[in-house]
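Just follow the structure's listing: the first ligand is 1, and inside any ligand the first atom is 1. Only this structure's heavy atoms are used, side chains among them; waters, hydrogens and symmetry mates stay out.
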Amino acid sequence: MVFTHAAVGLALASVAVVLSPEHATTAALAAVSGGAFPDLDLLAGQHRRTLHFPVLYWLPAFPALAAAAVVPTGLPVALAAFFLAAAIHSGMDALGAGDELRPWEATSEEGVYDHLRGQWIAPRRWVRYDGAPEDLLLTTLFAVPGFVLYGETVRTITLFSVILAAGYALVRKRVPEYFPERLQ
Ligand SMILES: [Zn+2]
């Protein structure tokens, strides 16, 4: 779920609070954006494929991380946080359900598309479906560093995301009734 991906990105970016405090907020905002970014393909293109690159996002992520380590200024830090969060999002989608309208029915074998091999990675279903109780638990746990380590802006975004995630989890199974298109 998009909130979990954003929270995971934020938790990773929180190492910047220790390593590069002056760029911690930049890292946090870029990580939240990068964590959410792949799911924009819900709106256009094919979900879990058009903007999901479980392998290829690492190509810009590694040099950006190296650049951020050598020259810890705003731009490399932001790029590193963005691409790292997007890469992890794409990889993590394979640990959940497949891309289907009612993922708890577990009928899809399309977890996330691997553009490098030109094939779908099968869903592992460690998290049964987006918005499942275990998904909300992950969102909440990964949100802790963002809430504890950051100032007001990031805290507010974090809290708001957890509230939205909880609301989504509550109505998740009714979503297909209202949105006939794929949504996850
Ligand atoms: Zn996704």
Side-chain angles (χ1 to χ4, degrees), residues 1-13 28-61 64 78-143 146 157-158 160-173 175-176 178-184:
M1 150 165 84
V2 67
F3 303 110
T4 311
H5 295 306
V8 168
L10 181 56
L12 277 168
L29 298 178
V32 169
S33 309
F37 178 74
D39 279 346
L40 287 178
D41 64 15
L42 274 165
L43 309 175
Q46 187 179 6
H47 183 43
R48 300 274 186 98
R49 179 168 178 164
T50 306
L51 294 176
H52 286 66
F53 300 97
V55 181
L56 297 177
Y57 273 134
W58 291 101
L59 296 182
L79 289 173
F82 181 91
F83 284 115
L84 190 63
I88 289 171
H89 171 149
S90 303
M92 273 177 61
D93 273 348
L95 304 180
D99 179 27
E100 57 189 311
L101 192 57
R102 294 175 177 80
W104 47 89
E105 292 176 352
T107 56
S108 169
E109 281 309 301
E110 297 183 348
V112 67
Y113 193 75
D114 177 354
H115 295 259
L116 199 63
R117 294 190 183 83
Q119 62 190 33
W120 287 90
I121 300 171
R124 303 291 194 279
R125 297 195 171 88
W126 294 357
V127 171
R128 291 167 300 155
Y129 57 91
D130 63 297
E134 63 268 31
D135 194 16
L136 180 59
L137 179 66
L138 287 174
T139 309
T140 310
L141 290 176
F142 281 109
I157 293 172
T158 308
F160 195 57
S161 298
V162 173
I163 291 169
L164 282 176
Y168 180 69
L170 275 177
V171 301
R172 176 62 183 97
K173 288 202 168 176
V175 166
Y178 300 101
F179 296 92
E181 312 220 335
R182 294 175 171 200
L183 187 73
Q184 58 183 303

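A13 is linked by a side-chain contact (heavy atoms from CB on, under 4.5 Å) to A27, A31, Y150, counting only residues two or more places apart in sequence or in another chain. With sequence neighbours left out, L56 forms a side-chain contact (heavy atoms from CB on, under 4.5 Å) with F53, L59, H115, L116.
The line from CD of E134 to CH2 of W126 is 13.5 Å long, rounded to the nearest 0.5 Å.
Checking D93 against the Zn ion (ligand 1), an N/O/S atom falls under the 2.8 Å cut-off.
With the Zn ion (ligand 1) as the vertex, NE2 of H52 and NE2 of H89 span 100° to the nearest 10°.
The N, O or S atom of D39 lying closest to the Zn ion (ligand 1) is OD1.
For the pair F82 and L79, the minimum side-chain heavy-atom distance is 4.5 Å or more.
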